[in-house]
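In each ligand, atom 1 is the first atom listed, and ligand 1 is the first ligand listed. FYI, side chains are in, hydrogens and waters are out, and symmetry mates aren't considered; it's all heavy atoms of this structure.
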Amino acid sequence: MADGGQRPAYENPVEGLDSGYYAKSCPDMEGIVQRIVNEAFDADYTVAAGLIRLFFHDFAVGGCDASILIDAPGSEKYAKSSKTLRGFGLIEAIKTELEEHCPRTVSCADILTAATRDVSREVGVGYWPLKFGRKDGKQSSAAAADKYVPMGRESVTDLIALFESNGLNVRDLVVLSGAHSIGKATCAAVKPRLCNSKPDTLDRKYGDFLRRKCRHSGYFAEYERVELDGETPTVFDNMYFKNLERKMGLLETDQKMLEDSRTKSFVQEMVREPEEFKHEFAMAMRRLGEVQVLTGNEGEVRHKCSAVNKY
Ligand code: HEM
């Protein structure tokens, strides 16, 4: 099995992260996160897609430091790529409860990481053990998010560059793109593909369906949404990869994963091995959560996830 390139930084344990980090200072941390996430998921299963995407966007700009959660003029939350992000309220609700149990102890970066793990479990992704001790970043820039967060029209080369610059490899890119097995995209993200796609890159019937669904433009294109996996949109499975083989990838970037020689064999492997996909997804998410983390005296533990601390 090819591994998709070098596996540098993340194979080594990250200094400052520890599975027992909150054992004394907040022993119920994982239990509290899990309970609130499970309640939220039972009320609305779409929180899973929302949180998984939020976690990815946090990673994409300066690593997992909860910078995406800061609500301030010009912060990542106000980038074009953040317009439809969801899950902010859920993370803040967990933070509020944790502040009651163990004030000023648990970072928002750790909460986001644990909540994403737990909600992924709810949709059937395997469990992955976590280490804690991340600190929260103090900076957050919409301009940086607009530069780094992919929006669906990038080249595979650009996507590989984003992942490799964060110590992840081509295989991770393919496996993690399998997150598009659940959730939705706005017609605004899909429309360019419908207008420009070469006839041989989009299934004709699926294209017609999307054109009907996304016939409105302007305001409506921002809010009309279509499933990223047109076949089994609520089940976390390898159908996303099978769809690519049927020319039913919703985003331009999704479909390119099968067309590009660097990513194609990994897509085909995920088609053949549904269980391996889920297992690898869990392992790749674990690595994602250890990218460029702040630990020790770096960063801070925010009192509220939406704002840096005032001293
Ligand atoms: C690497 C290239 C990627 C690109 C270009 C991309 C792009 C997009 C776009 C354009 C949307 C729809 C946004 C909208 O119109 O509202 C979306 C949705 C989503 N993305 Fe990605 N994404 C990528 C990777 C990832 C990764 C690695 C994950 C998670 C590990 C992820 C998780 C999701 C989820 C779950 C949704 C659905 C969100 C919802 O239903 O609210 N994406 N992505």
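Annotation: atom 10 (C) of ligand 1 to nearest protein heavy atom, Met151 O, 3.2 Å. With hydrogens left out, the protein atom closest to atom 35 (C) of ligand 1 is Ala49 O, 3.2 Å, a heavy atom. Annotation: atom 39 (C) of ligand 1 to nearest protein heavy atom, Arg86 NH2, 3.5 Å.
Remark: the backbone N or O of Ser140 is not paired with any side-chain donor or acceptor of Ser75 at under 3.5 angstrom. In this structure, Arg153 contributes its side chain and Glu252 its backbone to no donor-acceptor pair below 3.5 Å. Listed for the Ser82 side chain is a donor-acceptor partner under 3.5 Å among the backbone atoms of Glu76. With Gln255 contributing its side chain and Leu202 its backbone, the two residues share no donor-acceptor pair below 3.5 Å.
Residue-level proximity to ligand 1 for Thr186 is carried by backbone and side chain together, each with a heavy atom below 4.0 angstrom. At a 4.0 Å heavy-atom cut-off, ligand 1 touches Leu176 through backbone and side chain alike.
Residue Lys184 has at least one N or O atom closer than 3.5 Å to an N or O atom of ligand 1. The distance criterion of under 3.5 Å between nitrogen or oxygen atoms is met by Thr84 with respect to ligand 1.
Ligand 1 is approached by Leu173 to a heavy-atom distance shorter than 4.0 Å.
Closest of all the heavy-atom pairs between Asp136 and Ala66 is OD1-CB, 3.8 Å.
Within a 6.0 Å sphere centred on CD of Glu298, other residues, nucleotides and ligands contribute more than 12 heavy atoms.
Defined by atom type and a distance below 3.5 Å, a donor-acceptor pair is present between the side-chain atoms of Asn166 and Gln292.
Expressed to the nearest 0.5 Å, how far NZ of Lys304 lies from CD of Glu99 amounts to 11.0 Å.
Ring geometry for Phe209 against Tyr206 counts as parallel: the plane angle stays under 30°, on a 0 to 90° scale with 60° as the upper cut.
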Could you tabulate the donor-acceptor pairs under 3.5 Å formed by side-chain atoms of residues 233-240, not counting sequence neighbours?
unit_1: Asp237; atom_1: OD1; unit_2: Ser181; atom_2: OG; d: 3.4
unit_1: Asp237; atom_1: OD1; unit_2: Thr232; atom_2: OG1; d: 3.1
unit_1: Asp237; atom_1: OD1; unit_2: Met239; atom_2: N; d: 3.2
unit_1: Asp237; atom_1: OD2; unit_2: Thr232; atom_2: OG1; d: 2.8
unit_1: Asn238; atom_1: ND2; unit_2: Met270; atom_2: O; d: 3.0
unit_1: Asn238; atom_1: ND2; unit_2: Val271; atom_2: O; d: 3.0
unit_1: Tyr240; atom_1: OH; unit_2: Asp254; atom_2: OD1; d: 2.8

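Of all protein N/O/S atoms, those lying under 2.8 Å from atom 21 (Fe) of ligand 1 come to 1.
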